[in-house]
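Worth saying up front: this structure is predicted, and the values here are computed from it rather than measured.
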Amino acid sequence: MTVDRIEVSHTAAEKADRYLTPGQLKTVLRDHTGYVCRRASPNHDDLYPDNEFTLRGEFYGLPLDIVFAIESDHVAVITQMSQHSDSLRGQFYEYVGDTAKDAVEHARS
């Protein structure tokens with residue numbers, strides 16, 4: 001599966017007045033790079049969903065975190081928010097790549 005079919009949740013779309021429009025979110029997931037990771041716990045396997053990822057970067061001039069999930073037939077944007085933590089690096093985050101496509105490949109492996 002690629003990042004062709006993207007659905008934007010009502011929650012993410014409602015934030016368009018502060019952040020990105022649904023169209024911009026889709027463009028970011030298809031074409032932009034950033035830091036893609038998923039939450040992980042070294043002491044608790046399966047504590048966090050394997051299909052949920054965060055894309056952090058600066059998109060359209062805004063420093064954002066875009067939270068999305070890889071579903072069986074599409075990518076679902078869950079929410080978008082300003083970068084609320086200092087770092088997404090460390091023992092509680094697993095780096096998976098630089099693009100949403102990397103997340104798709106990680107979820108499928």
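- Counting only distance, with no hydrogens or angles, the side chain of Arg30 and the backbone of Asp4 share a donor-acceptor pair below 3.5 Å.
- Looking only at side-chain heavy atoms (C-beta outward), Val36 and Thr99 stay at 4.5 Å or farther from each other.
- Taking the six-membered ring where the residue is Trp, His32 and Phe59 present perpendicular rings, their angle passing 60° and hence far from 30°.
- Atom SG of Cys37 sits about 10.5 Å away from atom NE2 of His106, to the nearest 0.5 Å.
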* To do: Run the numbers on Thr54 and Ile66 for side-chain contact (heavy atoms from CB on, under 4.5 Å), then give the verdict.
  => CA-CA 5 Å; Thr54 300; Ile66 300 170; over 6 Å; no
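- Cluster annotation: Val8 and Met81 are assigned to distinct hydrophobic clusters (Ile/Leu/Val/Met/Phe/Trp/Tyr, side-chain heavy-atom contacts under 4.5 Å, transitive).
- Side chains of Glu94 and Arg39 form no contact here, defined as non-hydrogen atoms less than 4.5 Å apart.
- The backbone N or O of Ile70 sits less than 3.5 Å from a side-chain atom of Asn51, completing a donor-acceptor pair.
- Proximity of Leu64 to Tyr19: side-chain heavy atoms (C-beta onward) are separated by under 4.5 Å at one or more points.
- The shortest distance between side-chain heavy atoms of Val75 and Val104 falls below 4.5 Å.
- The heavy-atom pair separating Leu25 from Ala12 by the smallest distance is CD1-CB, 4.2 Å.
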* Given the rule in the side-chain contact (heavy atoms from CB on, under 4.5 Å) test, do Phe53 and Val96 qualify, once you have shown the distances and angles that lead to the verdict? -> CA-CA 9 Å; Phe53 300 87; Val96 299; 3.9 Å; yes
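- Taking all atoms of both residues into account, the shortest heavy-atom contact from Gln83 to Arg56 is NE2-CG, 3.3 Å.
- Of the possible polar contacts, one joining the Gln80 side chain to the Leu20 backbone as a donor-acceptor pair under 3.5 Å is found.
- Partners of Glu7 according to the salt bridge (Lys or Arg N to Asp or Glu O under 4.0 Å) rule, which considers only residues two or more places apart in sequence or in another chain, are Arg5.
- Atom CD1 of Ile78 sits about 9.5 Å away from atom OG1 of Thr11, to the nearest 0.5 Å.
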* **Derivation and outcome, ring pair (Phe, Tyr, Trp, His ring centres under 6.0 Å), residues His74 and Phe68** => CA-CA 10 Å; His74 68 281; Phe68 63 99; over 10 Å; no
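- Listed for the Asp31 side chain is no donor-acceptor partner under 3.5 Å among the backbone atoms of Val28.
- Side-chain atoms of Thr21 do not come within 3.5 Å of backbone N or O of Ala16 as any donor-acceptor pair.
- Scanning all heavy atoms of the two residues, the minimum distance from Ser9 to Thr79 falls at OG-N, 4.5 Å.
- To the nearest 0.5 angstrom, Gln24 atom CD is 8.0 Å from Leu62 atom CG.
- Criterion: ILVMFWY side-chain heavy atoms under 4.5 Å apart, direct or through other members. Under it, Val67 and Tyr93 are not part of a common hydrophobic cluster.
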